[in-house]
Every structure is written in structure tokens, then in C-alpha cells.
Asks: 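Provided herewith is a single structure, encoded as C-alpha cells, for subsequent inquiry.
Nothing here was measured: the structure is a model prediction, and the numbers come from that model.
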Amino acid sequence: MCSCPPPLGSPRCARGTALHARSVPPAGRGNLKEGVHRSSPAVCAVLAPMLCLALMLAACQGRQSPRVRVDLARAAQAVALAPALPPSAPLPAQAVAVPTDGATLQGLEPPAPAESQRQRRALALASIAQQRAAVRERLLQARLQGLPELEARWAAELRAEYDLDAIRAERDAAWHEAFQQHGQARFPLLVALIFTAPDSDARREAQARLDQHDRAWQQREQAIEAAYQARLRRIEQEIAVRVNARRREFVRNAEQEIQAQLAAQPDPAELYLPPPQTPSPAPPRKASFPPARVRQPARDPHDAPRARLAAAQQTRQAILRQLAEEWAQSNGYTLTDDPRAPDYTDAFIRYLLAR
């Protein structure tokens, strides 16, 4: 709805008539010269969608993607195109005949037993060896159970060979003799100590000599006792060495007896394990071969490569077609086969090389 000023001849512009900016003429006049034009609501409802549709069509026509043409064959040649195989002559038919002939077959060694069988046999032998070692150890422990009592008896027997009482009597005699010598030498010093004045130099000298004599006696007594103990230790060492020798001999004899006892028993490996069976080697023998004939029909050796090449070319064309569609879609183009469309093959080749 639009409004415009009334004409000059309108009663509203007559002299003496007051102008009202917002005055509206009567609705029933229907005079267009009054300055107000009213549109019907139905007309507006029809014109608005048509106007929107026209604008959208204009925009779509303005944004239509350009139609371009791409030569896929030239693009494939520019990127990589495998050279065609040169024509070759077909293979001729061949026939080879072998006459009857004789030959000598060399002897064959028997195959080695299976690895699993060897492993099972090795495990069984190891288990039998462990059981024999355990039995031997138990028998040896039973034989050596009374060895400590034997060692004590051997030590007593060997100790009885030494006259310890005589050795002790020799020590006592040496001690009595040394003590008598000590007493005889000490008596004059005691007499001199008695008959001297308490604070005199002679008493002090006698006391010093007496102390020195007592210290010498103590050293002599310790030397006699040390010699006696050293002799006893040497005897004990000799007894221990002889007892250890007897012990080793007893253990060695027990081991030999147990080994002989076990050797007298049957071998479990022979009882429970079958002997390894090795087949005898095959002797050499002569054999004759019948005549043979081989026929090969004529064929073209390049049939399969040509088929693979054709399949590869079809795959390459399909890939190039898909890449061209992606390139055109990303750049806003539309592919067409129209020869009047611009040729964008070089741009597509640059895209392929960059990719």
C-alpha cells in the first residue's frame, strides 16, 4: 500500500481547508485521485511466492557451473602408459619321443627316525636315569647310616694305639724336675730376703732377683704345658687323618657294592622301551622306463599378457574417469563430451601430476 499527495483540484487543498498529514479519505469513495491506493490481500499472497521463485531461478542461472571437456586418453598418455607388446610369431607345435632306455637306481639310505620319536625316547631314558640315581642314593644313605658310630669306634681304636698316660707322665716328670730346679734356685733368694734390712739396697736387689726368677718359672711352666698340648693336638690330627681315610675307603666300598648290585638288576630301558628300529638300506637295482611321447599344441604366448594389458587399460580408464569427476567437482566444473566446450585437459594433467 502506498500513499501520495492529493491533486491540486482536490477539495482537501481548497482554500480555507486545514491540511492534516495523517487524515484518511472516506473508505467508500473509491476515487484513486484521493491519493491512497489499497491492494487486495489475495493478490499479495500470490505475487510474493512468484517473486521469490523468480529470484531463486535468477540466482541458479547465475551460479551454473561451466561445462568443460577433458581428453582422458591424452591424460593417460601424459601420466603413464605402458608400451604395447611387439607382435611375435606363435609357438609352433612340437612333439618329442623318448625311446625305451635302462638306468641303475642308486641305493637309498634309510630315513632318520622322526624327531618326536627321538624326543620321547630321550625323555624316557632321562627319567630312567633319574630313577636309578634316586635308588642308588637311597641305598647309599642306608649303608652310611651307621657311619658316625664307626668313626667314633675307629677314633677310639686309633687313640688306644697312642700311650697317652706315658705322655702325661713325661709331662709331669718334666714339670717336677723343673719345679725342683726352681725351688733350689729360689731358696737362697728367700734367705737373702729374710736377712736383709727392709729398706736396704740389698733387700730391693734380692726382691728383684726373686721376681725375675718367678717370672722365669712361669715361662718354663707355660712352655712345658704348651709342648704337652701341641703333642696332644698332633696326635688328634693324626687320628682325624686316619679316620677320614678309613671313611673314604668305607664309602668307596659301599658305592662299588651298590653299583654291582644295580648292575645285576635288569635294565629298565631294555624292559620298557622298544629297541630303535632302523630299516635296512635299499639295495641298488635296475629299472627300465617305457617310451614316452610329449605333444604341445601351437599357441600364442602373448594371449595372457594381452588380456592382462586390456584389463589394466580398462581399470586405468575407470580410475582416470573417477579422478576427472573428483577434479571437476572440486573446481566447480561439469564434465561433458561436447566438442564446443573448452578443453581443460592440461589443467587436469597438472592436477594428476601434482597428486
Asks: Please report the interatomic distance CZ(Arg308) to CZ(Arg306), rounded to the nearest 0.5 Å.
Replies: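 So the CZ of Arg308 and the CZ of Arg306 are separated by 12.0 Å.
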
Asks: Mind checking the CD1-CG spacing from Ile258 to Asn253? Nearest 0.5 Å is all I need.
Replies: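 Output value for this atom pair is 11.0 Å.
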
Asks: Counting only heavy atoms from other residues, nucleotides and ligands, does the tally under 6.0 Å from CZ of Arg209 exceed 12?
Replies: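 Atom CZ in Arg209 is not crowded, with 12 or fewer foreign heavy atoms closer than 6.0 Å.
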
Asks: Could you list the residues that satisfy side-chain contact (heavy atoms from CB on, under 4.5 Å) with Ala240, not counting sequence neighbours?
Replies: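 So Ala240 forms no side-chain contact (heavy atoms from CB on, under 4.5 Å) with any residue.
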
Asks: Please list, chain by chain and in numerical order, all residues satisfying side chain to side chain donor-acceptor pair (under 3.5 Å) with Asp165, sequence neighbours excluded.
Replies: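 Counting only residues at least two positions away or on another chain, Asp165 forms a side chain to side chain donor-acceptor pair (under 3.5 Å) with Arg168.
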
Asks: For residues 321-335, please give each side-chain donor-acceptor pair under 3.5 Å, one per line with the distance, not counting sequence neighbours.
Replies:
unit_1, atom_1, unit_2, atom_2, d
Glu326, OE1, Arg355, NH1, 3.3
Ser330, OG, Glu326, O, 3.1
Ser330, OG, Trp327, O, 2.8
Asn331, ND2, Trp327, O, 2.7
Thr334, OG1, Ser65, OG, 2.6

Asks: Test question: given the 4.5 Å side-chain rule for I, L, V, M, F, W and Y, name all other residues clustered with Ile349, or answer none.
Replies: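 Ile349 shares its hydrophobic cluster with Leu353.
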
Asks: Verify whether one side chain among Tyr162 and Glu238 offers a donor that lies under 3.5 Å from an acceptor in the other.
Replies: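 A donor-acceptor contact under 3.5 Å links the two side chains.
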
Asks: Are Trp217 and Leu210 connected, step by step, through hydrophobic side chains (Ile, Leu, Val, Met, Phe, Trp, Tyr) whose heavy atoms are closer than 4.5 Å?
Replies: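 No, separate clusters.
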
Asks: Quick one: does Ile167's side chain get under 4.5 Å of Ile235's, heavy atoms only?
Replies: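 Yes, their side chains come closer than 4.5 Å.
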
Asks: Would you tabulate the side-chain donor-acceptor contacts of residues 149-160 under 3.5 Å, counting partners in other chains and residues two or more places apart, or write 'none'?
Replies:
unit_1, atom_1, unit_2, atom_2, d
Glu151, OE2, Arg247, NE, 2.7
Arg159, NE, Glu236, OE2, 3.3
Arg159, NH2, Glu236, OE1, 3.3

Asks: Verify whether one side chain among Thr336 and Arg69 offers a donor that lies under 3.5 Å from an acceptor in the other.
Replies: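 Short answer, no.
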
Asks: How would you list all residue pairs meeting salt bridge (charged side-chain N to carboxylate O under 4.0 Å, His left out) that involve residues 120-131, not counting sequence neighbours?
Replies: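 Qualifying pairs: none.
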
Asks: State whether the side chain of Asp338 and the backbone N or O of Ala341 hold a donor-acceptor pair below 3.5 Å, judged by distance alone.
Replies: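 Checked: no pair found.
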
Asks: Sequence neighbours excluded, which residues qualify as side chain to side chain donor-acceptor pair (under 3.5 Å) partners of Glu161?
Replies: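 Per chain and number, Glu161 pairs via side chain to side chain donor-acceptor pair (under 3.5 Å) with Arg242.
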
Asks: Show which side-chain atoms of residues 174-192 pair as donor or acceptor with protein atoms under 3.5 Å away, not counting sequence neighbours.
Replies:
unit_1, atom_1, unit_2, atom_2, d
Trp175, NE1, Glu221, OE2, 3.2
His182, ND1, His213, NE2, 2.9
Arg186, NE, Asp214, OD1, 2.8

Asks: Kindly write out the residues that satisfy side-chain contact (heavy atoms from CB on, under 4.5 Å) with Pro342, not counting sequence neighbours, or none if the list is empty.
Replies: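 side-chain contact (heavy atoms from CB on, under 4.5 Å) list for Pro342, sorted by chain: Val68, Tyr344.
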
Asks: For the CG atom of Leu164 and the CZ atom of Arg231, what is their distance to the nearest 0.5 Å?
Replies: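 If I round to the nearest 0.5 Å, the distance is 9.5 Å.
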
Asks: Who passes side-chain contact (heavy atoms from CB on, under 4.5 Å) against Arg215, sequence neighbours left out?
Replies: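 If we apply the side-chain contact (heavy atoms from CB on, under 4.5 Å) test to Arg215, skipping adjacent residues, the hits are Asp211, Gln212.
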
Asks: Can you name the side chain to side chain donor-acceptor pair (under 3.5 Å) partners of Gln229, sequence neighbours left out?
Replies: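 Counting only residues at least two positions away or on another chain, Gln229 forms a side chain to side chain donor-acceptor pair (under 3.5 Å) with Glu225.
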
Asks: When rounded to the nearest 0.5 angstrom, what distance separates CD in Gln207 from OG1 in Thr196?
Replies: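 Those atoms lie 9.0 Å apart.
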
Asks: Going from CG on Leu232 to CZ on Arg171, what distance comes out if it is rounded to the nearest 0.5 angstrom?
Replies: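 So the gap between those two atoms works out to 8.5 Å.
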
Asks: Considering only distance and modelled atom types, tabulate donor-acceptor pairs under 3.5 Å from the side chains of residues 126-147, sequence neighbours left out.
Replies:
unit_1, atom_1, unit_2, atom_2, d
Arg143, NH1, Glu257, OE1, 2.5
Arg143, NH2, Glu257, OE1, 2.8

Asks: Under 4.0 Å between a side-chain nitrogen and a carboxylate oxygen: does that hold for Arg74 and Asp343?
Replies: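 Salt bridge: yes.
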
